[in-house]
Engineer: 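Here you go, one structure.
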Amino acid sequence: MEHNLGQESGPGADKSRVLNVKPLRTLVPVFPSPSNPSSSSTPQGGAPFVCVSPAGPFPSGVAPFYPFFVSPESQRLSEQHAPNATPQRATPISTAVPINSFKTPIAATNGDVGSSRKNKGSRGGQLTGEDGYDNEVIDLEDGTGDGSSKQRKKRGRAKRASGAGTAGSGASAVTIEVDLDAVANDILQTINPMVFDVINHPDGSRDSVSFTLMIYEVLRRKLGQIEESTKDANSGAKRPDLKAGTVMMTKGVRSNSKKRIGIVPGVDVGDIFYFRFEMCLVGLHSPSMAGIDYLGSKASQEEEPLAVSIVSSGGYEDNTDDGDVLIYSGQGGVNRDKGASDQKLERGNLALEKSMHRGNDVRVIRGLKDVMHPTGKVYVYDGMYRIQDSWVEKAKSGFNVFKYKLVRVQGQPAAYTIWKSVQQWTDKSVPRTGVILPDLTSGGEKVPVCLVNDVDNEKGPAYFTYIPTLKNPRPVAPLESSAGCSCIGGCQPGNFNCPCIQKNGGYLPYSAAGLVADLKSVIHECGPSCQCPPTCRSRVSQGGLKFRLEVFRTNNKGWGLRSWDAIRAGTFICEYAGEVIDNARAEMLFAENDDEYIFDSTRIYQQLEVFPADIEAPKIPSPLYITAKNEGNVARFMNHSCSPNVLWRPIVRDNKNESDLHIAFFAIRHIPPMMELTYDYGTNLPLKAGQRKKKCLCGSVRCRGYFC
DNA sequence: CTATATCAGAGGTAT
DNA sequence: ACCTCTGATATAGGT
């Protein structure tokens, strides 16, 4: 909540006390106090914020865009305290449904469940009917326009699973059939139809790309969650990434489906991806595996193939020493059965050759190892490169390999070089410049959080004490039984006897990679009463910081928060630490208008309405107010944005006969390193006594103009 | 923890 | 039909 220039130094804040010395876990100064008061923040005297007229909440020229955002009226959080109110939604599929809800209807056991291909003649890519569910029709264009080219084998997708049902369905083993296509269809049915209009626009947009990726993530995680909880012992490798991707392709839920040379609308240089399919779905790079994407001789008006994009991710002996130059290896020369051979000037190799001669630049994606997830990769879109040279050389194998020298086009935003810089800071070969404090947590977290200013002369935020966790977790009446679980080795997917899994609708709340499976209104974690170890997958938010964050000086928003490490969508980042206060104290602080660090769970916030069911989220058991003015963690530095990349969710943890309530922040999109972390502060209308609207400086095209 | 093995895959191009 | 700088899991090796 450092959004306002110098606002962190309130009226009572003595400038000389900025960064006072305090014991462990307290902000410690490493420099003398500024002697020149002019470098200090603006004093509190005048109105620090531009107040927006109540008549015009949106800046002129920017119309409210309700199809994708929930209108403030419809999103107002209920402030009634209904402790046990977690009504089942009437939507076709709620965010969490016990698996037996997905039992394939008898009508759908025709061996082609969920596939729209065979039904193309009558229904094309419509999202309904095939699964036997009688859902409202959402008419989707089938982006392929060709339903018969692929006749895939349809194996019965039914899975067997043994184990007790969810609470109330008894403990007898049941055979559960799960049709993932039907599940996927149900999820797609819950999407706001207007979202598809944006996605299907022939020219992509940031929204189109963003929505596509959000839907893909929801599908992928949900399918993975279901699959892991229903798989039997000897089931083979599962690929929810492919399954979700196929569904999206089949239904035409993709952006920029027309392949093109040059930039891709809606995809920014520096954007990151965690699956090849993501790049495929947004039109950045089509092949699901191959490294070179090109227009065939038919597709390009010319008689020759032309390259459009390449992925360099370690499969060949590429050279990436220079951040702006890439020596890329051609494709081919390796065959599982026949062994190594010379590469030929065909396919992608030929296309790159032709593109070089015609001077057509190509998109470059660099695949890197994901340090947070060593088994996985992260793909960085590094923008346009010019093919400057090509030659043939002998690889280590002794066979000929094509090589292409690509040079990055000037004038593009930094992307891969940011990753290189972070790497250099990490291995200490180059120092991070502008560091004021190497670790403002003073060891309070497992990873240091540095304080950086390479913008102006501000020496640091106002004094506060760093605490890593919420001080007085607010006990709430347990929604159900508060008895913890007895999963000695940690809660396991598919164990429907685990009470914690039952509370999450039959699933673990987090994937094996630690991502939230879905952003349901309340996430139930294991708590002190549970017997599972701290490594339990249901304790993700209790592990402290994982990312190397830094508090940095923004250009115009005071201090902000960002990460050296890339953050994958769905990842827990931190909780909101501070001091829990009651309603009366919160009202008082609001009235004094002197606390910029109040977390207020009752604020209305604007949220992407991709899944309208999210309108009601988050349902918090009771209002929660936290002040982080005097004590807090990194969350207090997160600024507001009307197009945020972070979202909060309430976490409930069992603790004897009560439950502890925490606020956890999750990434809602992939966040490249060094990009500011922001969430939607929301609005509090009508304003509480003494409260003022604050001018929003997020710069988003959707900026509401204010927050409060 | 890092490296290697295994293998079922997907869309796209070419045949 | 053929190709391919995947990705999850398993196993072996190293520190």
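First the proteins, then the strands, lettered A, B, ... as listed; each starts at 1. None of these values were measured; they are calculated from a predicted model.
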Engineer: Atom CZ of A:F275 and atom C1' of C:dC5: how far apart are they, to the nearest Å?
Structural biologist: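 Whole-Å distance recorded here is 17 Å.
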Engineer: Identify the nucleotide, in any strand shown, that forms a Watson-Crick or G-U wobble pair with C:dG14, with both distances under 3.5 Å; if there is none, say none.
Structural biologist: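 Partner of C:dG14: none.
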Engineer: Provide, to the nearest angstrom, the distance between the CG atom belonging to A:L345 and the C1' atom belonging to C:dC3.
Structural biologist: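 Taking atom C1' of C:dC3 as the reference, CG of A:L345 is at 17 Å.
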Engineer: Picking from C:dC5, B:dG11, C:dG7, which would you name as closest to the side chain of A:T246?
Structural biologist: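 Of the candidates, B:dG11 comes closest.
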Engineer: Between the protein and nucleotides 13-15 of chain B, which nitrogen or oxygen pairs are less than 3.5 angstrom apart?
Structural biologist:
unit_1 : atom_1 : unit_2 : atom_2 : d
B:dT13 : OP1    : A:K259 : NZ     : 3.1
B:dT13 : O3'    : A:Y294 : OH     : 3.4

Engineer: So if I apply the salt bridge (Lys or Arg N to Asp or Glu O under 4.0 Å) rule between A:D271 and each of A:R669, A:R366, A:R363, A:R206, which one comes out positive?
Structural biologist: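 Exactly one option meets the salt bridge (Lys or Arg N to Asp or Glu O under 4.0 Å) with A:D271, and it is A:R206.
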Engineer: Nearest whole angstrom, please: distance from the P of B:dA10 to the CZ of A:R254.
Structural biologist: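 Rounded to whole Å, this separation is 15 Å.
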Engineer: How close or far is atom C1' of B:dG9 from atom CE of A:M249, stated in whole angstroms?
Structural biologist: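 Those two atoms, CE and C1', are 14 Å apart.
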Engineer: Which residue is it: A:R221, A:K222, A:R537? I am looking for the one with a salt bridge (Lys or Arg N to Asp or Glu O under 4.0 Å) to A:E228.
Structural biologist: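 The salt bridge (Lys or Arg N to Asp or Glu O under 4.0 Å) with A:E228 is passed solely by A:R537 among A:R221, A:K222, A:R537.
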Engineer: Please check the phosphate of C:dC5 (OP1 and OP2 only) for any side-chain N or O of A:Y404 closer than 4.0 Å.
Structural biologist: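 No, outside the criterion.
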Engineer: Please give, in whole Å, the distance from C:dT6 C1' to A:K238 NZ?
Structural biologist: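 In whole Å, C:dT6 C1' lies 16 Å from A:K238 NZ.
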Engineer: Once you apply the 3.5 Å cut-off to both distances, tell me the Watson-Crick or G-U wobble partner of C:dA1, or none.
Structural biologist: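 B:dT13 is the nucleotide pairing with C:dA1.
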Engineer: Between A:F277 and A:K369, name the one whose nearest nucleotide on DNA chain B is closer to the 5' end.
Structural biologist: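 The 5'-side residue here is A:K369.
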Engineer: State whether A:S313 places a side-chain N or O below 4.0 Å from either non-bridging phosphate oxygen (OP1 or OP2) of C:dT6.
Structural biologist: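 For C:dT6, OP1 or OP2 has a side-chain N or O of A:S313 closer than 4.0 Å.
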Engineer: Quick one: A:R220 CZ to C:dA8 C1', roughly how many Å, whole number?
Structural biologist: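 Rounding to the nearest Å, CZ of A:R220 and C1' of C:dA8 are 12 Å apart.
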Engineer: Side-chain N or O of A:Y274 versus OP1/OP2 of C:dG7: is the shortest distance under 4.0 Å?
Structural biologist: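 Indeed not, no polar side-chain atom of A:Y274 lies that close.
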Engineer: Test A:V209 against every option in A:V282, A:D268, A:V264 by the side-chain contact (heavy atoms from CB on, under 4.5 Å) rule and name the one that passes.
Structural biologist: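 Answer to the side-chain contact (heavy atoms from CB on, under 4.5 Å) test with A:V209 among A:V282, A:D268, A:V264: A:V282.
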Engineer: Does A:N335 get its side chain close enough to the base of C:dC3, under 3.5 Å, for a donor-acceptor pair?
Structural biologist: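 No pair found.
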Engineer: Return no unless some side-chain N or O of A:R239 is found under 4.0 Å from OP1 or OP2 of C:dA8.
Structural biologist: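 No.
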Engineer: Rounded to the nearest angstrom, tell me the gap between atom NE2 in A:H373 and atom P in C:dT9.
Structural biologist: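 Result: 9 Å.
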Engineer: Between A:K377 and C:dG7, is there a contact of a side-chain N or O with OP1 or OP2 at under 4.0 Å?
Structural biologist: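 Looking at the OP1 and OP2 atoms of C:dG7, neither is under 4.0 Å from any side-chain N or O of A:K377.
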Engineer: Ignoring the backbone of A:T375, work out which of B:dA10, C:dC5, C:dT9 is nearest its side chain.
Structural biologist: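 The closest nucleotide is C:dT9.
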Engineer: Evaluate the salt bridge (Lys or Arg N to Asp or Glu O under 4.0 Å) criterion for residues A:R548 and A:D565: first the C-alpha distance (whole Å), next the side-chain angles of each, then the deciding distance (0.1 Å), finally the verdict.
Structural biologist: CA-CA 6 Å; A:R548 294 172 294 175; A:D565 302 301; 2.7 Å; yes
Engineer: Expressed in angstrom and rounded to an integer, what is the separation of A:E278 atom CD from B:dA10 atom P?
Structural biologist: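 The answer, rounded to whole Å, is 17 Å.
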Engineer: In terms of heavy-atom contacts, does CD1 of A:I263 have more than 12 from other residues, nucleotides or ligands at under 6.0 Å?
Structural biologist: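 No - once you tally the heavy atoms of other residues, nucleotides and ligands closer than 6.0 Å, there are 12 at most.
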Engineer: What distance separates A:I573 CD1 from A:S563 OG, expressed to the nearest 0.5 Å?
Structural biologist: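 These two atoms lie 8.0 Å from each other.
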Engineer: Decide whether A:S329 and A:K403 meet the rule of one side-chain donor and one side-chain acceptor closer than 3.5 Å.
Structural biologist: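 Note: A:S329 and A:K403 side chains meet the donor-acceptor criterion.
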